[in-house]
There are 2 protein chains.
Amino acid sequence: MNKSELKVLGVLERVGGFASAQEVYQLLQRGNQSIGLTTVYRALQSLLDDKVVDTLRRDDGEAIYRLCGENHHHHLVCKSCGTTIEIQANAIEKWAQQMASDHGFREVGHTAEIFGICKKC
Amino acid sequence: MNKSELKVLGVLERVGGFASAQEVYQLLQRGNQSIGLTTVYRALQSLLDDKVVDTLRRDDGEAIYRLCGENHHHHLVCKSCGTTIEIQANAIEKWAQQMASDHGFREVGHTAEIFGICKKC
DNA sequence: TTTAATGCAAATACTTTGCAGGAAA
DNA sequence: TTTCCTGCAAAGTATTTGCATTAAA
């Protein structure tokens with residue numbers, strides 16, 4: 001675990017959810033923690049190998065990462081104004097676990113998002 | 001629905017599962033149905049808009065497509081080998097509706113995906 | 001000194017876009 | 001003609017790799 005990996009971990013902690021390599025890089029640039037993009041990729045790859053972070057793909061194909069085992073939440077997003085509401089979803093957590101074990105899956109994660117038009121719009 | 005879209009649909013039917021744009025393109029090249037890569041991408045985009053096909057991302061970020069059934073479903077995806085299982089989820093449908101109406105949202109849709117490592121991997 | 005870490009620049013792979021020629025209506 | 005369809009080439013984006021430089025042990 002070297003200096004770069006610690007910086008990347010720091011960002012992921014602050015973000016408290018998913019972030020792409022490009023986002024991590026930009027956040028580091030804004031702070032005074034600047035490191036190269038290549039190094040961010042290498043740090044993330046290494047953290048993945050060590051199973052410290054978890055990865056999946058956004059709809060546009062960009063890889064996003066988060067700390068493993070972190071409690072996550074879901075979002076209710078307005079398609080019109082972009083307002084985002086964080087929601088708790090025990091039902092979803094259970095559902096995901098259930099479905100996964102029904103099919104013999106392990107190391108399970110999930111994503112879920114609700115979108116629509118909010119009151120104001 | 002034009003000629004190119006029909007060719008792409010034909011391939012997806014024959015494949016009977018997921019295929020990437022690049023794969024569709026190569027399969028068409030091998031047959032005597034050759035069309036340009038650009039056209040394959042455009043056809044897939046159009047089929048997506050018409051909700052005739054369904055898309056997901058492979059682990060390497062490549063987009064894969066397949067014909068979609070009429071009913072709304074979710075996916076259980078193996079992060080290792082890409083195996084995908086379709087699952088029904090009434091619980092999720094209800095949850096999404098509930099959460100949305102709790103917050104005064106309308107025209108509601110949602111996404112949900114479970115990922116993990118499957119039995120074989 | 002010997003090894004590991006860094007980052008620029010180039011390479012790679014998938015995907016999208018600009019544009020000009022061709023088909024269809 | 002006028003509109004839509006095609007596909008080549010170029011551009012764009014995320015990611016990886018080669019390589020020379022620097023930091024660390």
Side-chain angles (χ1 to χ4, degrees), chain A residues 1-12 15 17-67 111, chain B residues 1-12 15 17-68 75 77 79-82 84 111 113 115:
Chain A
M1 181 79 65
N2 62 31
K3 221 181 297 178
S4 304
E5 288 169 30
L6 285 172
K7 287 181 185 172
V8 169
L9 271 186
V11 170
L12 290 180
V15 166
F18 286 102
S20 70
Q22 306 278 345
E23 286 162 356
V24 168
Y25 171 68
Q26 289 188 14
L27 287 169
L28 285 172
Q29 295 272 296
R30 276 180 221 155
N32 50 351
Q33 300 283 301
S34 180
I35 65 176
L37 181 57
T38 306
T39 305
V40 171
Y41 275 106
R42 283 198 274 237
L44 284 169
Q45 189 54 59
S46 167
L47 292 169
L48 258 187
D49 292 343
D50 297 345
K51 297 193 199 307
V52 177
V53 304
D54 203 11
T55 187
L56 55 128
R57 296 274 169 179
R58 263 210 278 262
D59 257 14
D60 65 356
E62 197 175 0
I64 50 181
Y65 307 80
R66 72 166 167 191
L67 297 179
T111 59
Chain B
M1 180 79 64
N2 62 31
K3 222 182 294 178
S4 303
E5 289 170 30
L6 285 172
K7 287 181 185 173
V8 170
L9 272 186
V11 170
L12 290 179
V15 165
F18 285 102
S20 70
Q22 306 279 346
E23 286 163 356
V24 168
Y25 172 68
Q26 290 188 14
L27 287 168
L28 285 171
Q29 296 273 295
R30 276 181 221 154
N32 50 351
Q33 300 284 301
S34 181
I35 65 177
L37 181 57
T38 307
T39 305
V40 171
Y41 276 106
R42 282 197 274 238
L44 285 168
Q45 189 55 59
S46 168
L47 292 169
L48 257 186
D49 293 343
D50 297 345
K51 298 191 200 306
V52 176
V53 304
D54 202 9
T55 188
L56 274 186
R57 293 275 168 178
R58 264 209 278 260
D59 246 18
D60 65 356
E62 197 175 357
I64 50 180
Y65 307 80
R66 74 167 162 188
L67 297 179
C68 65
H75 293 127
V77 185
K79 282 189 286 193
S80 171
C81 67
T84 300
T111 59
E113 198 168 300
F115 48 90

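Remember, it's a predicted structure, so these values are computed and weren't measured experimentally.
A close approach under 4.0 Å does occur between a side-chain nitrogen or oxygen of A:N2 and OP1 or OP2 of C:dT6. For C:dT6, neither phosphate oxygen OP1 nor OP2 lies less than 4.0 angstrom from any side-chain nitrogen or oxygen of A:T39.
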Base-contact (B) and sugar-phosphate-only (S) positions in nucleotides 9-17 of chain D, heavy-atom cut-off under 4.0 Å, - elsewhere: B----SBBB

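Separating the CD atom of B:E5 from the P atom of D:dC5 is a distance of 8 Å, rounded to the nearest angstrom. Taking atom CD of B:Q26 as the reference point, atom P of C:dT15 lies 12 Å away to the nearest angstrom. When rounded to the nearest whole Å, the span between CG of A:L47 and P of C:dA5 equals 13 Å. The separation between B:K7 atom NZ and D:dG7 atom C1' is 12 Å, rounded to whole Å. Atom OH of B:Y25 and atom P of D:dT6 are 15 Å apart (whole Å). Atom pair A:L6:CG and C:dA5:P shows a separation of 12 Å (rounding to whole Å applied). Taking atom CE on B:M1 and atom P on D:dC4, their separation rounds to 18 Å, with Å as the unit.
Here OH of A:Y41 is found 16.0 Å from OG of A:S46. Values are rounded to the nearest 0.5 Å. Note that OH of A:Y65 is 11.5 Å distant from CD of A:E23, once rounded to the nearest 0.5 Å. One distance of note links CD1 of B:I64 with CD of B:Q22; it measures 13.5 Å at 0.5 Å rounding.
Remark: A:R42 pairs with no residue by the salt bridge (Lys or Arg N to Asp or Glu O under 4.0 Å) rule, at least two apart or across chains. Under the rule for a side-chain contact (heavy atoms from CB on, under 4.5 Å), the partners of A:V11 that lie at least two apart in sequence or sit in another chain are A:R14, A:V15, A:V24, A:L27, A:L28. Every residue two or more places apart in sequence or in another chain that forms a side chain to side chain donor-acceptor pair (under 3.5 Å) with A:E62 is listed here: A:S20, A:R58.
In this structure, B:R66 contributes its side chain and B:L12 its backbone to no donor-acceptor pair below 3.5 Å.
Within the structure, salt bridge (Lys or Arg N to Asp or Glu O under 4.0 Å) pairs that include any residue of residues 32-41 of chain B do not occur (at least two apart or interchain).
The number of heavy-atom neighbours closer than 6.0 Å to CG of A:D59, taken from other residues, nucleotides and ligands shown, is 12 or below.
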Polar atom pairs between nucleotides 23-25 of chain C and protein, under 3.5 Å, N or O only, would you list them?
none

